[in-house]
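Excluded from the calculations below are hydrogen atoms, water molecules and symmetry mates; all remaining heavy atoms, backbone and side chain alike, are included. Bear in mind that the values here come from a model prediction, so they are computed numbers and not experimental data.
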Amino acid sequence: MKIAILGGSFNPIHIGHLILADSVCTELGYDKVLFVPCFEPPHKKMADAASAFDRLQMVKLAVKSDARFEAEDFEIKNGGISYTCDTVFALEQKYADVLSAKMGLILGFDLASHFEDWKNAKLLSQTCELILAVRENENLKNSSKNQAKGEYAIERVDFSIEKFSFPHVDLHNPSIILSSSDIRDRILEGKSWRYLVSPEVFEYIKERNLYGFKSDQFK
């Protein structure tokens with residue numbers, strides 16, 4: 001079985017994440033994508049974050065209808081700062097009996113720009129098949145309210161995929177401009193957001209009043 005890992009804060013998980021996972025399976029031949037919500041990322045301070053419990057529950061709801069997708073709670077259970085290398089090594093052991101190839105590690109453009117600063121980056125690149133999911137003419141401009149930590153605060157405006165020096169596979173992600181921070185803003189401002197997430201996640205956010213949701217927004 002070919003397994004890929006898609007990590008993130010998933011604050012909240014949205015249709016862009018699901019489309020990306022579907023592309024990995026359909027276009028690169030992976031059998032399963034593990035969605036791994038972090039407890040605390042090492043590279044950013046999460047803004048307007050739902051609890052780890054809520055983010056994990058939303059991931060479970062979003063992926064339950066597709067047998068190729070699975071919510072993996074390793075980082076949530078561990079607590080503390082989540083380093084990808086620790087997660088990958090643990091999941092390799094967990095799935096050792098069914099793995100037929102290197103685990104895939106899905107990276108967006110923003111993560112790829114700082115990958116060389118990651119803990120055990122070189123070892124990760126040797127252990128995994130790095131999958132770079134990029135859109136045409138993508139750049140590092142981002143409206144996210146998350147604040148970078150430490151070395152990650154250094155903005156790399158000159159970064160391009162051509163400069164990514166680690167062995168990798170390119171995956172041209174559909175040009176859907178969507179981010180979790182945009183969704184949080186739209187919820188808070190009472191704007192349309194219903195079809196940016198799965199129906200199950202939509203209902204969960206409503207029921208839990210997450211991200212400043214106002215109960216009179218949908219009547």
Under the side-chain contact (heavy atoms from CB on, under 4.5 Å) rule, collect the residues that match up with [X], sequence neighbours excluded.
{"X": "Thr26", "value": "Asp22, Arg68"}
{"X": "Ser65", "value": "none"}
{"X": "Lys32", "value": "Met1, Ile3, Leu34, Glu70"}

Could I get the full list of side-chain hydrogen bond (donor to acceptor under 3.5 Å, both in side chains) partners for Lys94, not counting sequence neighbours? Glu72
Using a strict threshold of under 4.0 Å (side-chain N to carboxylate O), is an ion pair present between Lys119 and Asp86? yes
Compare every heavy atom of [Y] with every heavy atom of [X], then report the nearest pair and how far apart it is.
{"X": "Leu178", "Y": "Ile15", "answer": "CD2-CG1, 3.7 Å"}
{"X": "Arg55", "Y": "Cys38", "answer": "NH1-O, 2.9 Å"}
{"X": "Ala4", "Y": "Val24", "answer": "CB-CG1, 4.0 Å"}

Where do Asp185 and Tyr211 land on the side chain to side chain donor-acceptor pair (under 3.5 Å) test, with the steps shown first? CA-CA 8 Å; Asp185 286 345; Tyr211 310 120; over 6 Å; no
Set of residues satisfying ring pair (Phe, Tyr, Trp, His ring centres under 6.0 Å) with respect to Tyr83, sequence neighbours excluded: none
Can you sort out the partners of His14 under ring pair (Phe, Tyr, Trp, His ring centres under 6.0 Å), two or more places apart, ordered by chain and number? His17
Polar contact flag, side-chain donor to acceptor under 3.5 angstrom, His168-Asp170: yes
Between Ser113 and Asp110, do the side chains contain a donor N or O and an acceptor N or O under 3.5 Å apart? no
Mind checking whether Phe166 and Phe115 have parallel, tilted or perpendicular rings, split at 30° and 60°? perpendicular
Phe213 and Trp193 aromatic ring geometry - parallel, tilted or perpendicular at 30°/60° bounds: perpendicular
Worked verdict on Ile106 versus Leu132 for side chain to side chain contact (heavy atoms under 4.5 Å, CB included): CA-CA 6 Å; Ile106 305 167; Leu132 263 60; over 6 Å; no
